Every structure is written in structure tokens, then in C-alpha cells.
K.L.:
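Take this structure, written in C-alpha cells, and hold onto it; I'll ask about it next.
In what follows, every heavy atom counts, from backbone to side chain, and hydrogens, waters and symmetry copies are set aside. Chain A is the first sequence line, chain B the second, and so forth, proteins listed ahead of strands; every chain is numbered from 1. Nothing here was measured: the structure is a model prediction, and the numbers come from that model.
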Protein chains: 2
Amino acid sequence: MELELDERKLKILKAIIQNYLETGEPVGSRTISKYADLALSSATIRNEMSDLEEMGLIMQPHTSAGRIPTDKGYRLYVDELMEEKEREKPDGNEMLIQRVDRVELLLKNLAKILANNTNYASLVTAPQYHHNKLKFIQLSKVDEKKILAVVMMEGNVVKNTLINTLEPVDEQIIVKMNLLLNSFLTGLSVSEMNLAVISKLKNEAGEYAPIIETVLDTISSMITEDDEEPQIYTSGATNIFKYPELSDGEKASGLISTFEEKSVLNELVVKSMNEPKQSHDINIYIGDENKNESMKDCSVVTANYELGDGMQGIIGIVGPKRMDYEKVVGTLRTLMAQLDDIYNKS
Amino acid sequence: MELELDERKLKILKAIIQNYLETGEPVGSRTISKYADLALSSATIRNEMSDLEEMGLIMQPHTSAGRIPTDKGYRLYVDELMEEKEREKPDGNEMLIQRVDRVELLLKNLAKILANNTNYASLVTAPQYHHNKLKFIQLSKVDEKKILAVVMMEGNVVKNTLINTLEPVDEQIIVKMNLLLNSFLTGLSVSEMNLAVISKLKNEAGEYAPIIETVLDTISSMITEDDEEPQIYTSGATNIFKYPELSDGEKASGLISTFEEKSVLNELVVKSMNEPKQSHDINIYIGDENKNESMKDCSVVTANYELGDGMQGIIGIVGPKRMDYEKVVGTLRTLMAQLDDIYNKS
DNA sequence: TGTTAGCACTCCACATATTTGAGTGCTAAC
DNA sequence: GTTAGCACTCAAATATGTGGAGTGCTAACA
């Protein structure tokens, strides 16, 4: 026998899920039968529920309890049933975020706003610089064998590293190298700094080529892999304590640890970067769809942000599966739109 | 009637506390009576315990339970009773830490080591720079009205800020300012950059004085108040879940929040800076002695570290009151000694 | 006078009934 | 196809009972 997902079943499923999102309690047939727009007795609802359960969309925590959505049920809901709350477009001083000179501050702020608005945990990855252009390099002599390299990228992201040279380097040479490096590399993205450019640069450098080499090595590693650990800004990790299904010992500990360990967080989120972008660049991962063990009871919602000049990264929130998806997606959309307004239109 | 703390009472108190530190269970009179070096019956111990309770050093969670130490009892213990485990002096490759060029990395690492070694949560404040000397300043032109200021202090701490100028600034002027700033300020500590120096500097600057002023303002605020939030490195916050008395919902949430909010942490720890230094610079705060609400059930142990050139800060651990004080103090001492070896002797 | 054995008492922790109520599945009637 | 009705299930809440660890007190002892 073939079970069909007719209109009525969908309506019932939606009602069950929405009710469960609100209350967090298993939903019984009587509750749904009171729903206005489908005037059915609880007995009928029970029959339908039984079907929905057989289809794997809902389940009972135990016999004689109401139903709660399964991961599959949630998936159907976010893909088909949920209606995004129409959001008023950003309007003058209603803007939540404002442009600041330093991108890091903006992103930190973004994480905080998101956590406060949603009451879930939020994370924002620092932008990937690969397509991003170099604004300038500045080498300065620290002492005999130490050079400080300061690199500024588009978006005013500043990074710096100490370079230890094998031989003492003269002040003069540093000035020359500064000129050289800047004239060759400024305006290039990291991927554009290929062998051709580099060998030309070395040629030009003449006897200082070895030093240039060291400098280039350092700079490239400085730009590509983010020195020690990936830069991720998080906020509101403790919000998870607001949801009983996540806040008991074991789980909470694992989740908070994950948030402490930026490298793990990074893995979690990087995959979303490579995935085909669906539904306006917002991705939702429900329960077991998350690779990370500590997230199996969570849902993760991510969005790709873009700051212009190829600077892009991921912003996301982590919360219980029983999450207000509509609100979260809405909030993310709003923030993305505002970022767009600030960085790409003006 | 006057209760005297005689030798025997002290011995019993010490036995109770040490037992409680190990087991985490209230300690009964029979347990102590089995203690080898004071051969007494449980009845006698009970009498003594009754006295110790009256003195406010121990208490019962409920009638007919064993005794646990009060804050006052812990205080007496750490002040008088506890014996620090003698530690082997750092010896070649037993060193836990090694010198690195960037102080930040060292401190981050320090926090991690401390958390892993003790199984408590650790925190390390970035050094206060007030007595620290400027190594050099480097201004670079970013675009018409933006200057990037990079400042390096002794210890190779690098900070940078964007300065927005009112008027476009010529490349020439920046070069001049660089020379000027460095010749006047290099080698000075922030406190030495007083009005005399500054007005002399402005004089010399002539028509560029307004720009210099902006630059100086920015630099001083960059050095003194640590831009956005105080720099504090934390590690192992999730260790608190290992201690049942801290890991239940309410408390754990509060503690983790405190660790997320660096500014609160800072307050907690700053007071230890100003306090008279007792017992080789290690301070212990037990339970209610902590000002911060979320720490009332914790003990905090802090030490002042010093990296030479007046760079100093605080390193500390946070754990349950039932903490292995001897080990913690020992570990801190060892680390301090190693830091000393690295930074102050060589 | 300090120490100890002995005993009654307290109270938590744990286990075991008992009750309650929300919710189900099934059947029979409409 | 829908619904009322009923027996059934099971978690959660509420009593009830028991065991044991630990105490305080008293009276005897060195």
C-alpha cells in the first residue's frame, strides 16, 4: 500500500511541527483537532498521525505520548512548508550594523547581534583572503636579524609577522625591498602571485633574492593559513543552556568545547562553503546531517556573506533542532541584505 | 568558654580537608579515626569535630552527614596547613614552555598548558604595557585620508590601528612624521611620554602638529586601554563540567558566560594586581572572597608574571573550592620559575 | 580529666508501590 | 471517510518503606 502525502497530511504535519517548535512538548491529537482551519476530530487526526509516523516524518518518544518531528520531518518542513516571515527592508536608522574601518570588528559585532537576536549560539568566520587583493606591504627593521612584516589587504584587514633572517639586513635593503614588493605585488590577489610574478621579482631583487624568498614564504603563509588557528568569532555559546534538550551535562559540555575549539568549528562550517548553494545561499543542517558528533542534536543554519572584492565567509547559528527556523532565516536574510547595502551597493 | 585551636584539632582539620579534597564526599568521624598518626576513637574525633564546627571551620550539609570544610576552613588550610609539593626545578628539556618571538603566542600557550595540567579553567591577561617601552612606530599611508599606525613594544607585541585624518596627508609628511615620532618616542615607556616630550614633539612638527596630535591620541589609546575589550586568553573553560558541584545548569551557565565575557574576567582579576602581594606573589580567593557572583562556588588562584622590561600580567586558574591547592600552587610556581629563567636571567 | 564504648536518633539515598492523566489504537456506529 | 467511545499504556508525580552512614549524648573507664 502506497502512502500519499496529500494536502491534509501536510497541513497536519505543519501544525504539529509549529506547535512543537513553540512548546517543546510532544503534540497530541486533541491539540491539533482544535486547529481552526481543519475541522476534524481527534480520532481522525490520530489516523493521519499514524500514517505520518509510518512515513517517518514524526515519532513518539514513547507509546502514549504525543508526536514530535523526526529529522526527516524537519527537513520537509524547512524545504517545503515553512513560510519566511516577510521582513521589512532595512530602513535608515533601523540598520543593525554599520560600516566600520576594520572588518574584524564588524564581524565580531555581527556575531554578537545575531546571538542576541536569536537566542542561539552564533559564529562568523573571518573572510577567506584568497581572492582578496593586497593593499600594501610594509617591512620594518626590528633589530639585527628581525624584520616585522605588516600586510594590509582590501577591507583593511591587517596582519603582521616577525621574520627572522639568517644574516643581518641593512636598513637600506629594507627600503629597497619595500619598494620592490609593493610595486610588484600591490593590487594582486594571493592566487595571482604565481611563479611568473615571483621569479620576475627575484630577478629584480638581484643579490637580495634569498631574503626576498624568505619574506615571500612568510607572507604567503601569513595570508593563506591563518597563522595559528582559523579565525572564527563566536558569541552566545551559553545560549544553549536555555534549551533543556541541550543543556544536560554531557551534551552541553561537548557543545561548549566545540565552540572553544575554533579548529573544529571551522571544519563544521567549511563544508558549507563548498556545497552547491541552495535557496538564496542559506543552508540548513538538521541533527544527523551535521558531521560533528556534538552537533547531532542541533540544527545549524549558515549563510555566505560577501563583503566585496571577493572577501567572503560564513555566518551561522547553532541551536536546538526545535529552532525557530523562520525567524533565524529571516534574521540572516536581513543581515545579509544590510551587508550588501553597505559593501556592495555604495 | 574559649575554644583553643590546639595541635590535635589542626591535625584533624587537615585530615578532614585533605580527605574531602580527594573524595568530594563529606567526611565522617570513623574515616578520620582510621588515620594512622593520631590514634583516636571515632567518638573522640566527633567531640573534636563538634568543636571545629563551632569554630566555623567545618560544617555539615545536613544532620547525620559527615563534615565538609567551610570557606574559613579552606582559608586556614591554604594559609597554614597546606604543604607545597616540592617541585623539581626546571631542567633542560623538561621545560613546559619555550621562548617565542610573539608574547601573545607564549601566553596563549601558557593558558593551554595550565588548563591541561590542572584540569581547571585557566586565564592569562595580556601584559600591561604601562611600564613597557616603545620599540618603534611605523605610519603608512593607506589612502587619501587614512593612515595605518603600527606600534611595536618591547617583547615584540604588535598593535595596529587605522587613523582617519581630517585632511589628505601627503606621503612626504608621513615619512617625516615617522622620523620624528621614532626619534622622540622610541625607548620611552608610555608613562614617560609626558607633556614635556609631547609639546617638544609638536613644536618640532611645526605645521603638521594637528596631525601629530591625532596620531598621538590614537597611539596612546591604543597602548593603554586595549582597544575594544581587555585581552585575556582563556583555556579549558569546559573543565568545570568535570566537577559536579559546578556543572549543574545554572552555575555552569554563569561560569561559562563569565569566561566568554572577557571584560568581567578582567575585573575579577585586576584587583589581584593592586593587592599587597603575599606568599611569593600567589593569591588565593576562596568562594565568597570572590566579588563576582558566578564565582561564589569557586576558588581562584592567581600569580603575577613578569616578562622583563616591566611587562607584567596575571595568570590564574578557576576551579571548585574543593581544589588541589597544593598542586595548583606548585604548577604555578614552576611555570613562574620557568618564565623567570627564560626572560629575566638570560 | 580526657578517652572511649554503646545506644538512640536523624535524615539522606534508594527502592518500591500507587495514583494520575495525557494520549494512543481499535472498534463499531453514523 | 469520519467520529464517539472505550480499554489500554506509560511517564511523571506522589507516597511509603527500608538501610545505612553518621551524629550527639551518656555512662563507664584509666
K.L.:
Taking NZ, NE, NH1 and NH2 as the nitrogens, is one of them in B/Arg75 or B/Asp71 under 4.0 Å from a carboxylate oxygen of the other?
P.N.:
no

K.L.:
Does A/Arg67 place a side-chain N or O at less than 4.0 Å from the phosphate oxygens OP1/OP2 of C/dG25?
P.N.:
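So the side chain of A/Arg67 is within the cut-off, an N or O lying under 4.0 Å from OP1 or OP2 of C/dG25.
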
K.L.:
Tell me: CD of A/Glu53 to P of C/dT24, nearest whole Å?
P.N.:
10 Å

K.L.:
Would you kindly give the NZ-to-P distance between B/Lys34 and D/dA21, to the nearest whole Å?
P.N.:
10 Å

K.L.:
Nearest whole angstrom, please: distance from the P of D/dT23 to the CD1 of B/Ile68.
P.N.:
13 Å

K.L.:
How is B/Thr63 classified with respect to the nucleic acid when contacts are heavy atoms under 4.0 Å: base, sugar-phosphate, or nothing?
P.N.:
sugar-phosphate

K.L.:
Measure CG/B/Asp51 against P/D/dT23 and give the value in whole Å, please.
P.N.:
14 Å

K.L.:
Using a 3.5 Å distance criterion without hydrogens, assess whether the side chain of A/Lys72 forms a donor-acceptor pair with backbone atoms of A/Met55.
P.N.:
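Confirmed, A/Lys72 side chain pairs with A/Met55 backbone.
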
K.L.:
So which nucleotide does C/dG6 pair with, by the Watson-Crick or G-U wobble rule with both distances under 3.5 Å?
P.N.:
D/dC25

K.L.:
Provide the Watson-Crick or G-U wobble partner of C/dG21, both distances under 3.5 Å; none if there is no partner.
P.N.:
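Per the H-bond distance test, D/dC10.
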
K.L.:
Should D/dG17 form a Watson-Crick or G-U wobble pair with both distances under 3.5 Å, which nucleotide is its partner?
P.N.:
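Base-paired to C/dC14.
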
K.L.:
Any N or O donor-acceptor pair linking the side chain of B/Ser64 to the base of C/dT10 at under 3.5 Å?
P.N.:
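In this structure, the two groups form a donor-acceptor pair.
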
K.L.:
Just call it for B/Ser29: base, sugar-phosphate, or nothing, with non-hydrogen atoms closer than 4.0 Å on any strand.
P.N.:
sugar-phosphate

K.L.:
Check this for me: does any side-chain nitrogen of one of A/Glu83 and A/Lys14 sit under 4.0 Å from a carboxylate oxygen of the other?
P.N.:
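Salt bridge flag = yes for A/Lys14 with A/Glu83.
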
K.L.:
Looking only at side-chain N and O atoms, does B/Arg46 come under 4.0 Å of OP1 or OP2 in C/dC7?
P.N.:
no

K.L.:
What integer distance in Å separates B/Met49:CE from D/dG24:P?
P.N.:
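Result: 9 Å.
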
K.L.:
Does B/Ile286 offer a backbone N or O that forms a donor-acceptor pair with the side chain of B/Lys321 under 3.5 Å?
P.N.:
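The answer is no, because no donor-acceptor pair under 3.5 Å joins these two groups.
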
K.L.:
What contact category does B/Ala43 fall into here, base, sugar-phosphate, or nothing, at under 4.0 angstrom with non-hydrogen atoms?
P.N.:
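Base, at least one base atom sits under 4.0 Å.
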
K.L.:
Check for a donor-acceptor pair, side chain of A/Thr70 on one end and backbone N or O of A/Leu57 on the other, with a separation under 3.5 Å.
P.N.:
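Answer holds: yes.
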
K.L.:
Rounded to whole angstrom units, what separation is found between the CD atom of B/Glu48 and the C1' atom of C/dT1?
P.N.:
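Checked: the CD to C1' distance equals 14 Å.
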
K.L.:
Choose from C/dC12, C/dT24, D/dA4 the nucleotide whose nearest atom is closest to any side-chain atom of A/Gln60.
P.N.:
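When the side chain of A/Gln60 is considered, C/dT24 is the closest of C/dC12, C/dT24, D/dA4.
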
K.L.:
The side chain of B/Arg8 is closest to which nucleotide in this list: D/dG24, C/dT3, C/dC12?
P.N.:
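Of all the options, the side chain of B/Arg8 is nearest to C/dT3.
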
K.L.:
Separation of B/Asn19 atom CG from D/dG22 atom C1', in whole Å?
P.N.:
14 Å

K.L.:
As a test of reading the structure: which of C/dG25, C/dC12, D/dA11 is closest to the side chain of A/His62, going by heavy atoms?
P.N.:
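From the listed options, D/dA11 comes nearest.
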
K.L.:
Do B/Thr118 and B/Thr331 meet the criterion of a side-chain donor-acceptor pair at a distance under 3.5 Å?
P.N.:
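No.
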
K.L.:
Rounded to whole Å, please give me the gap between CG in B/Asn47 and C1' in C/dG6.
P.N.:
14 Å

K.L.:
With both distances under 3.5 angstrom, what nucleotide forms a Watson-Crick or G-U wobble pair with D/dA30?
P.N.:
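Across any shown strand, D/dA30 pairs with C/dT1.
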
K.L.:
Is any side-chain N or O of B/Thr44 closer than 4.0 Å to OP1 or OP2 of C/dT3?
P.N.:
no

